[in-house]
Structures are given as structure tokens and as C-alpha cells.
Amino acid sequence: MQPVNSYSLVEIASLIKGQLIGNGELTINALNTLECAVAGQLAFLANTKYLPQLAKTKATAVLVKAEFAKDLPCVAIVVDDPYLAFARLSRIFDWRVQPSPGIHDSAHISASAIIDVAAVISAGVVVGDHVIIESGVFVGANTVIGNRCKVGKNTRLEASAVLYDNVCIGEGCLIHSSVILGSDGFGFAPTPDGWVKIHQLGGVRIGNDVEIGAGTTIDRGALDHTYIHDGVKLDNQIQIAHNVVIGEQTAIAGCTAVAGSTKIGRRCTIAGLSGIVGHLTIADNTHVTAMTLISKSVTQPGQVLSSGTGQDAHRNWKKNVIRFKQLNEMAKRISKLEQKADNFSSEG
Amino acid sequence: MQPVNSYSLVEIASLIKGQLIGNGELTINALNTLECAVAGQLAFLANTKYLPQLAKTKATAVLVKAEFAKDLPCVAIVVDDPYLAFARLSRIFDWRVQPSPGIHDSAHISASAIIDVAAVISAGVVVGDHVIIESGVFVGANTVIGNRCKVGKNTRLEASAVLYDNVCIGEGCLIHSSVILGSDGFGFAPTPDGWVKIHQLGGVRIGNDVEIGAGTTIDRGALDHTYIHDGVKLDNQIQIAHNVVIGEQTAIAGCTAVAGSTKIGRRCTIAGLSGIVGHLTIADNTHVTAMTLISKSVTQPGQVLSSGTGQDAHRNWKKNVIRFKQLNEMAKRISKLEQKADNFSSEG
Amino acid sequence: MQPVNSYSLVEIASLIKGQLIGNGELTINALNTLECAVAGQLAFLANTKYLPQLAKTKATAVLVKAEFAKDLPCVAIVVDDPYLAFARLSRIFDWRVQPSPGIHDSAHISASAIIDVAAVISAGVVVGDHVIIESGVFVGANTVIGNRCKVGKNTRLEASAVLYDNVCIGEGCLIHSSVILGSDGFGFAPTPDGWVKIHQLGGVRIGNDVEIGAGTTIDRGALDHTYIHDGVKLDNQIQIAHNVVIGEQTAIAGCTAVAGSTKIGRRCTIAGLSGIVGHLTIADNTHVTAMTLISKSVTQPGQVLSSGTGQDAHRNWKKNVIRFKQLNEMAKRISKLEQKADNFSSEG
């Protein structure tokens with residue numbers, strides 16, 4: 001049903017600087033796993049857990065480390081990092097067609113916006129005043145770009161994304177559908193008569209090579225901006241509150257929420273459905289496991305952090321939850337028992 | 001403010017194959033609860049908790065099991081399953097007007113797309129190349145459909161949904177607003193210089209009679225597809241990662257996240273805000289309570305699983321959380337005390 | 001990059017009824033924090049934690065309580081509540097341009113809709129039958145409004161929001177991008193052959209001065225409506241299920257989910273990523289900390305509630321999680337030890 005991109009094994013080995021062992025004239029038209037690959041496909045061994053599948057694979061060729069390149073049922077391309085080679089090759093097998101540059105008739109572009117001739121503006125797109133869109137940018141159908149935004153070279157905004165006013169995105173980014181950038185931060189002053197809104201006067205600044213998953217929301221800053229630095233990868237449905245700063249190369253998995261003014265370091269990995277409360281500082285290289293609540297700053301880099309109780313059968317869990325609520329009491333009872341035991345020993 | 005659909009009790013009883021006790025010529029123009037129903041309305045007793053309300057209801061008629069059909073203040077329609085009868089009747093009281101088939105002038109349809117004449121394409125819709133839209137399909141305003149997608153008979157896509165390329169949806173589905181199908185899975189290979197993107201080359205396959213709630217995102221597969229099988233019901237703001245498989249009739253409540261390549265069985269129910277980590281297999285008929293993290297495969301069908309500590313007053317909770325972090329230490333102290341007690345007993 | 005709004009200190013002091021100490025003719029063109037403010041900016045001291053920054057601020061003026069208004073390096077405006085004064089002033093420094101009233105050529109408005117001449121309808125907007133849009137309303141680009149909706153005076157719907165049929169919004173509300181109001185509640189009757197849909201026949205009713213954050217979804221009621229009362233503030237990506245009622249002035253932070261038919265009282269604050277199960281009643285002034293699961297009704301007002309275990313190093317956490325699953329057993333062992341100790345004491 002979809003178009004096919006084909007390459008010879010010589011071409012492929014050359015692209016990833018791999019060493020070819022076998023017939024380089026064979027043609028590859030798809031990537032696949034060792035287990036599912038058929039003739040004409042290229043597989044990879046990235047994890048030794050899958051080693052038993054290597055001897056049985058039906059793939060035409062495999063990406064492997066040198067140590068696994070013997071006695072294979074197919075051509076081998078030897079590389080240092082097969083997973084990375086697979087990642088690099090995934091680009092050339094991406095069959096999705098890129099449309100020609102130009103502005104669709106049904107797009108509504110402000111007279112003061114500057115759109116590079118080498119950009120694609122799809123149907124139903126709305127672009128506000130004083131916007132700058134650089135060359136190679138793709139803006140998907142029905143996406144809305146507010147006033148005074150900038151979208152850097154080769155960045156891709158998928159269909160139905162929204163940029164409020166004053167959102168600047170760097171080069172080579174990928175912003176998925178339904179991403180909302182620059183919505184108001186959640187700021188109100190309490191009064192006896194209710195909440196008084198704090199107008200959110202900052203913007204959003206996104207570096208280069210950032211990917212933002214579908215449905216993720218990033219609020220504008222209250223006074224200063226919200227900052228997402230170069231190389232950050234955000235999965236789907238993440239919530240980034242106002243004035244958060246996320247350091248270079250940090251990756252955050254789906255449905256995580258980061259509260260206002262928290263600063264996350266570089267090269268952190270934060271698993272899905274985690275929560276990080278506001279006004280914290282998280283050191284570089286911090287790793288957070290799934291569904292963890294981070295409620296205190298992390299000052300020492302390189303830690304792995306967790307919270308929660310782990311899954312259990314509901315009937316056991318119910319009993320243990322009751323005991324959790326008695327835990328402080330239990331600890332005191334143990335201390336008292338220890339004291340009695342000590343008294344007895346010293347008496348004995 | 002809204003139009004009214006009216007039916008006689010004879011018509012209603014006939015539709016649900018119920019036994020009518022009382023005047024079948026009375027007219028019903030709405031469904032309601034036993035407590036809130038007024039004249040002209042039909043109520044139902046699905047849960048014996050509400051039995052005390054039955055004698056006092058102002059409804060014109062009630063759906064009841066045979067055992068509760070005596071001494072009623074109104075007409076009774078006796079059925080085996082009043083809740084199911086209520087569900088079936090809810091369809092005929094749905095007052096929302098369905099527009100006539102046709103393509104709105106402002107929709108942008110690729111010349112290579114095939115749209116059945118009995119489909120509705122609303123204002124601002126964008127449809128890509130080689131798309132197939134079958135009869136009875138409704139596509140809401142400003143929805144975007146990428147290239148090479150298929151939408152099966154009588155499926156409904158509400159306003160502002162997005163289908164990326166290569167998403168196939170079966171028949172009789174209901175896809176709500178802001179649902180994103182086929183966004184990129186979160187796949188990157190790590191390098192010392194940052195993350196290298198793994199292009200996501202698979203698609204999304206959705207069976208028949210699937211409902212997907214507002215704001216839910218389902219990523220395309222990396223190599224193979226992501227699969228949502230027949231009869232699956234997904235609530236709002238759920239995140240389904242790449243290559244997940246969800247078995248027939250499984251229902252998942254709002255804000256749950258399922259990580260990549262996990263396979264969920266049939267007829268499971270997963271409550272809201274739960275997390276399921278990647279590469280797991282969850283057996284059929286597994287039931288997960290609210291806000292549970294599933295981090296291990298579930299091999300035995302029919303289990304009920306939970307995690308978390310349950311709500312408590314913050315001041316107690318704070319003390320117990322401190323003790324939780326000492327729990328392993330506490331367990332060792334108990335063992336030591338038990339040993340001392342044993343020694344004493346054997347000495348005594 | 002953005003326009004600037006300027007005011008004299010006399011104007012500013014008058015607006016917030018503050019007492020000016022110093023040169024009122026100086027001009028302010030932005031708000032900022034004590035730490036970051038430069039000449040021409042107005043800072044504020046709302047939290048005594050920042051008192052050390054007061055003497056060093058480069059701001060032209062500060063908002064302070066009377067007790068801190070001496071020996072300042074700049075002009076002071078004395079007010080009772082500096083944070084509230086800051087919030088009130090944020091409005092006049094909001095530089096975002098409001099477009100002139102009128103309906104954009106590309107909007108599609110039903111012939112039966114009534115749009116006030118003093119409303120703004122942006123590009124790509126779709127408005128259904130029998131809709132009423134009052135004066136001062138702003139509807140952002142590509143927003144879709146279903147049939148029989150009403151939007152009250154001065155309410156703002158940002159770009160790409162969706163209102164299904166029968167959604168009524170009061171006056172002075174702010175509804176952010178990708179908010180979905182009136183999607184179907186998650187209601188199905190189980191049968192051996194799968195789930196039978198319960199058509200959701202109610203609507204959504206939203207009071208005055210409500211703010212709803214980007215990506216938040218509020219389902220329509222099953223029979224009656226879902227109600228969000230006056231002054232409620234909802235952050236981004238919150239899920240409100242069918243027939244929920246949220247009381248006046250309650251504020252809920254991002255990514256929280258509230259299940260069906262739950263009634264939340266007035267002036268509650270619920271922190272992010274929390275879950276509230278269905279059919280509960282939560283008393284007024286209840287406060288819930290981040291990532292807490294509320295699974296029982298809260299009858300006594302004014303409580304602070306929490307759940308979870310708090311963050312820990314993964315290697316400690318893993319050991320404690322194992323012990324959590326033995327907690328009930330541990331409690332019994334402690335009781336047994338206490339009994340032995342008592343026996344010994346009474347024997348001794």
C-alpha cells in the first residue's frame with residue numbers, strides 16, 4: 001500500500017561506514033526485526049537477548065558487531081553500534097512523500113509575515129503578524145501560528161499544532177500534531193473573592209533538533225520565557241509549565257508533568273507518567289523511573305530515582321495499604337520491643 | 001433548547017423486547033434517573049442501591065427486572081438487564097442532527113482520494129493522497145487525514161482529529177476530537193553527541209467498533225504497525241506508544257499511558273491514570289485499579305492488580321513516607337527481635 | 001521583538017490604590033522579578049524569602065508592604081498585598097494585540113447562528129446551527145463550535161478549541177487551544193459480545209470567569225450536564241469525565257483526572273497528576289498534594305490529603321517496595337513479638 005525505497009547493500013554499507021561481508025549487489029527495500037524479516041529486508045542485532053534469532057533469520061542482510069559476524073545465514077554489515085546504524089538507515093527508508101514548497105491557496109498569511117520560498121504551508125494554515133518562517137520549513141494542515149513567532153530552517157510542524165504569540169523554534173525540530181506552544185501558564189493571585197489572573201507576558205524559546213510529541217503542551221513564561229534547549233526529546237502528552245528550563249539532550253517520556261519554574265539539567269531521562277513539582281533544580285544525568293513523583297531538588301548528578309509501591313494482587317495490596325497508614329506507629333512499636341529486649345539482655 | 005425525540009411505550013418495549021406492564025400508549029421523550037425523572041420520562045433500576053427511589057419515582061415508566069415489577073407508581077417494562085436496555089435506548093433519544101452526505105466547499109481533497117457519495121466531509125477538512133473513505137463515514141470540521149489512510153463504513157471522526165499517513169480504521173468506529181493517530185513513536189538511538197531519530201516506518205491499524213476518546217494519541221509503529229483490535233474502548237487523553245497491541249473488547253479509562261511494544265490481552269479493564277511500561281504482555285481479563293503502575297508482565301488471566309498507598313491526611317502520610325524509606329531496615333530489626341525472642345524461649 | 005506598554009508610576013499607583021514613595025513621574029515599561037529587573041521595570045516582594053534581593057534590585061520601583069518600604073534603592077509603591085497588585089498590573093502590560101471585531105471571510109457560520117457584531121471570529125472557524133455568540137467574544141483560528149452552543153460576553157476561545165453540540169459557556173472565560181468540551185462520556189453497558197454504547201445525551205455548562213488550560217477535555221453528561229461553576233481554574237491536560245460537578249473557585253493543576261459523577265466542592269486546590277475516582281463527594285476547601293489518588297469521599301472540609309511514597313534512590317526504593325508487599329505480614333510479626341514480650345514481663 002505504501003511506496004518502497006530500494007538500495008543495494010553496497011550503498012547501505014557505504015552510508016553507515018560498515019564492513020560488508022557477502023554479496024553487495026543484493027537489494028534491500030525495508031528494515032525489519034531479525035524475527036520478522038523476509039527476503040529483501042535488512043535486520044539488526046542490537047541486544048544479545050535476540051542472538052538466538054540471528055541464525056534463523058530470513059533477512060537478506062543483518063547489521064551486527066564484528067563478534068557476531070560469522071556463520072550467518074545471510075549477508076553481514078559489520079558496524080560498531082548496530083542500533084545506531086539502524087537508526088541512521090531508518091531515514092532513507094522513510095517512504096512518506098514531502099510536498100513541494102509553496103503556500104496553499106487556503107492558507108491565511110498575515111501581510112507582515114515573511115515566509116521563505118522554500119517552505120511548505122499546507123491547507124488551512126493561519127499565520128499571524130510579524131512571523132518569520134525560514135527555508136525548508138513544513139507547516140502541516142490547519143496549524144495556527146500566532147503573532148511574532150519564528151520557525152527555524154527545516155523545522156517541521158505537523159497538522160493542527162498551535163503556536164501562540166511570541167514562540168521561537170530553532171532549526172531541524174519536529175513538532176507533532178496538537179502540540180500547543182505558548183498557552184498561558186497557570187498563575188493566579190488568591191483573594192477572598194476568587195482568583196485574579198496573572199497575565200503571562202513571557203514567551204517560549206525552543207532550541208535546535210528538538211522533537212515534541214503529539215498533544216504535548218508548553219506554557220509561555222510569566223515574565224521571562226520557558227526554555228527547551230537543543231536536542232531535547234519530549235514524547236506525547238507531556239505538560240511543561242511556565243518558566244521551566246529543560247537542558248540539552250534530556251529525554252522525557254509520555255504523560256509526564258513538570259510544574260512551574262523547575263530547571264531540569266542535561267542528558268536526563270525521565271520515564272512516563274512522572275511528576276516533577278515546581279521550583280526544583282534537577283542535576284544533569286538524573287534518571288527517573290516510570291510514574292515517580294519528584295518533590296525535592298536533585299543536587300548530585302547521575303542518580304536514579306523512583307517512587308511508588310510496585311504492582312501487586314489487589315487483595316494483598318489492600319491489606320498492605322492499611323498497614324502503610326500505620327507505619328509510623330509500627331516503627332515506634334519496634335523501637336519499644338528493641339528496648340525491652342535490651343533491658344532483658346542487660347538484666348539477664 | 002434541544003430537539004426532542006418521542007416514542008410510545010409500546011414502541012420502546014418492542015425495541016428492547018421488554019414486557020410492558022401498564023398503559024403502552026403513553027409517550028416518552030427522554031431517559032432519566034429514578035431520582036430526577038419527571039412525567040414523560042423513562043427511568044431504570046440497574047443497581048439495587050437505588051431500590052428505595054423506585055417507589056417514589058415521578059417517571060412515566062421504568063425499566064426493571066421482573067422481581068421489582070410490582071407495586072410500582074408507574075408503567076413497568078420488564079427486561080433481563082435494565083442497564084443494557086437503557087444503553088440500547090440511549091441511541092434513539094440521541095437528538096443530535098446528522099448532516100446530509102456531501103463534501104463541504106471548503107474541504108481540500110486530494111485528486112487521488114476516493115470518497116464515497118454517502119460520506120459527510122465537513123468544513124475545513126483536509127484529505128491526502130490515495131485515501132479511501134467509505135459510505136456512511138462522517139468527518140468533522142477541520143479534521144486532517146494524511147496520505148494512504150482508510151476509514152471504514154459508518155465510522156465517525158469528530159472535529160479536529162488528525163490521521164497521519166498510513167492509518168487504517170475499521171467500520172463503526174467513533175474517533176473523538178483532537179485524537180491523533182499515527183504520530184511518531186518515541187524512538188532514538190543514544191550517541192555521545194545526542195539522540196539519533198529512528199524514523200517510524202509502520203502505521204496504525206484500528207479494528208471495527210472501536211471508540212477513542214478526545215485527546216488520545218496513538219503512535220505509528222517503528223517497523224510493524226500499532227494495533228487496536230475490534231471493540232476496544234479508549235477513554236480521553238490516553239497515550240498508546242508505538243507497536244502496542246490491544247486485544248478485543250479491552251476498555252481503558254482516561255489518562256492511562258501504555259509504553260512501547262506492550263501487548264494487552266482481551267476483555268481487560270484498566271482504570272484511569274495507570275501506567276504500563278514497555279515490552280510487557282498482559283493476560284486476557286486482567287483488571288487494573290486506578291493509578292496503578294504495571295511494571296511486570298501478567299501471565300495468569302483474570303487477576304486484579306493495584307499499586308499505590310491510598311489517600312491519607314497529609315500530616316500522617318508525611319510520617320509514614322519517612323518510615324517507608326526505612327522499611328527494609330525495619331524488616332531486619334523485626335527478624336533480629338524474633339531471633340532474640342526465640343533464643344530466650346529456648347533458653348527459658 | 002514585542003510591542004511595549006508604558007505607564008508612569010503615578011498611573012500605576014493609582015490603578016492599584018497604592019501609596020507612592022518617590023518620584024512618580026518615572027516610566028515603567030515592564031514587570032519583572034527583584035533579581036532580574038532592570039531600569040524601567042517594576043518588581044515586587046511577595047515572599048520574604050526574597051527579602052535579601054530587595055536592597056540590591058536594579059528595578060525602578062517595587063511593590064512592597066509598608067513594613068519593607070524603607071531604605072530602598074528605588075521608588076516604592078506600598079500595598080497590602082504585593083502579589084495581588086502584581087497580578088492586577090500584569091493585565092496592563094499584556095502587549096498582545098486584540099484584533100478588531102468581525103467575521104473572517106474564511107469562517108463558516110451556520111445561517112441560524114447569532115453572532116454579535118462586537119465579536120471576533122478568526123480564520124477557519126466553523127460555527128454550527130442555533131449558536132449564540134455574545135459581544136466581546138474572541139474565537140481563535142480553526143476553532144469549531146457545534147450546534148446549540150452559547151458563548152457569553154467577553155469569553156475568549158483560543159485557536160483550535162472544539163465545542164461539541166450543547167455546550168454553554170458563561171462570561172469572561174478563557175478557553176485555551178485544543179480544549180475539547182462536550183466529547184462523549186465513557187459509558188458502556190457490558191454484554192458477553194462486547195460493550196454497548198450509552199449515548200451521552202447531556203451537555204456541558206460552564207459558569208463565568210472560568211479558565212480552562214490547553215488540551216483539557218470535559219465530557220458531556222450522560223443524562224444531565226457536566227457542570228463547571230464560576231471562577232473555577234483548570235490547568236492544562238486535565239480530564240473531567242461525564243456528570244462531574246466542580247464548585248466555585250476550585251483550582252486544579254495539570255494532568256489531573258476526575259472520574260464520572262464526582263462532585264468537587266468550592267475553593268479546593270488539587271495539585272497536578274492527581275486522580276479522583278468516580279461517584280465521590282469532595283468537601284469544600286479540600287487540598288490535595290501532587291500525584292495523589294483520592295478513592296474515598298471527603299466529608300470534612302479543609303483537609304489536606306496525600307498519597308504515594310515520596311522519591312528515593314532507586315536501589316533503596318527497590319528493597320523497600322519488596323517490604324511494602326510484606327507489610328501486613330510484618331505487622332502480624334510485631335504483634336506476636338509484643339505478646340511474647342508481655343508474657344515474659346508478666347512471668348518475670
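Just so it is clear, the values below take in all heavy atoms, side chains as well, and ignore hydrogens, waters and symmetry mates.
Neither the backbone nor the side chain of C:Ala259 comes within less than 4.5 Å of any heavy atom of chain B. With a 4.5 Å cut-off on non-hydrogen atoms, C:Ile180 touches chain B through its side chain but not through its backbone. Looking at C:Leu181, neither its backbone nor its side chain comes within 4.5 Å of chain B, counting heavy atoms on both sides. Using a 4.5 Å cut-off between heavy atoms, C:Lys340 contacts chain B through its side chain alone, with no backbone atom that close. When heavy atoms are compared at a cutoff of 4.5 Å, C:Asp224 does not approach chain B at all. With a threshold of 4.5 angstrom between heavy atoms, C:Gln311 approaches chain B through N, CA, C or O but not through any side-chain atom. Interface residue C:Val298: only side-chain heavy atoms are found under 4.5 Å from chain B. Both the backbone and the side chain of C:Val196 come within contact range of chain B, each with at least one heavy atom under 4.5 Å from a heavy atom of that chain. Of the atoms belonging to C:Ile322, not a single heavy atom falls under 4.5 Å from chain B. Contact annotation for C:Asn320: both backbone and side-chain heavy atoms come within less than 4.5 Å of a heavy atom of chain B. Proximity to chain B involves both the backbone and the side chain of C:Gln237, based on heavy atoms less than 4.5 angstrom apart. Only the side chain of C:Val144 comes within contact range of chain B, with heavy atoms under 4.5 Å apart. Residue C:Phe188 touches chain B through both its backbone and its side chain, counting heavy-atom pairs closer than 4.5 Å. Proximity to chain B is limited to the side chain of C:Thr289, based on heavy atoms less than 4.5 angstrom apart.
Between B:Trp95 and C:Asp165 there is a side-chain heavy-atom pair separated by less than 4.5 Å. Residues B:Asp235 and C:Gln239 meet the side-chain proximity criterion, which asks for heavy atoms closer than 4.5 Å. You'll find the side chain of C:Ile198 reaches within 4.5 Å of the side chain of B:Phe86, heavy atoms only. Taking the side chain as every heavy atom from C-beta outward, C:Met291 and B:Met291 approach each other to under 4.5 Å.
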Open item on the list: One pair to check against side-chain contact (heavy atoms from CB on, under 4.5 Å): B:His176 and C:Tyr164. What are the steps and the verdict?
Closed with: CA-CA 10 Å; B:His176 279 283; C:Tyr164 281 60; 2.7 Å; yes
TODO: Show your working on salt bridge (Lys or Arg N to Asp or Glu O under 4.0 Å) between B:Arg96 and C:Asp184 and close with a plain yes or no.
DONE: CA-CA 12 Å; B:Arg96 286 170 285 185; C:Asp184 281 355; 3.5 Å; yes
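In this structure, B:Asp284 has no salt bridge (charged side-chain N to carboxylate O under 4.0 Å, His left out) partners at least two apart in sequence or on a different chain. Residues satisfying the ring pair (Phe, Tyr, Trp, His ring centres under 6.0 Å) test with C:His314, not counting sequence neighbours, are C:Trp317.
Under the 30°/60° scheme for interplanar angles, the aromatic rings of C:Phe324 and B:Phe324 are found to stand perpendicular.
Residues of residues 331-339 of chain C that come closer than 4.5 Å to chain B, counting heavy atoms only, are C:Arg333, C:Ile334, C:Leu337, ordered by residue number. Within residues 212-222 of chain C, the residues having any heavy atom less than 4.5 Å from a heavy atom of chain B are, in residue-number order, C:Gly215, C:Thr216, C:Thr217, C:Asp219, C:Arg220.
Salt bridge absent: B:Asp209 and C:Lys197 never bring a charged side-chain N and a carboxylate O closer than 4.0 Å.
In this model, no donor atom of one side chain and acceptor atom of the other lie less than 3.5 Å apart for B:Ser177 and C:Ser183.
Most heavy-atom pairs under 4.5 Å with chain B: of the set C:Leu327, C:Leu293, C:Asp312, this distinction falls to C:Leu293. Ranked by heavy-atom pairs under 4.5 Å with chain C, the list B:Glu329, B:Glu248, B:His104 is led by B:His104. The residue among C:Ser307, C:Ser306, C:Gly308 with the most heavy atom pairs within less than 4.5 Å of chain B is C:Ser306. Here C:Leu223 is the residue among C:Asp193, C:Val288, C:Thr191, C:Leu223 with the most heavy-atom pairs under 4.5 Å with chain B.
Panel note: side chain B:Ser90, backbone C:His199; a donor-acceptor pair is recorded below 3.5 Å.
Atom CG of B:Asn5 has more than 12 neighbouring heavy atoms from other residues, nucleotides or ligands inside a 6.0 Å radius.
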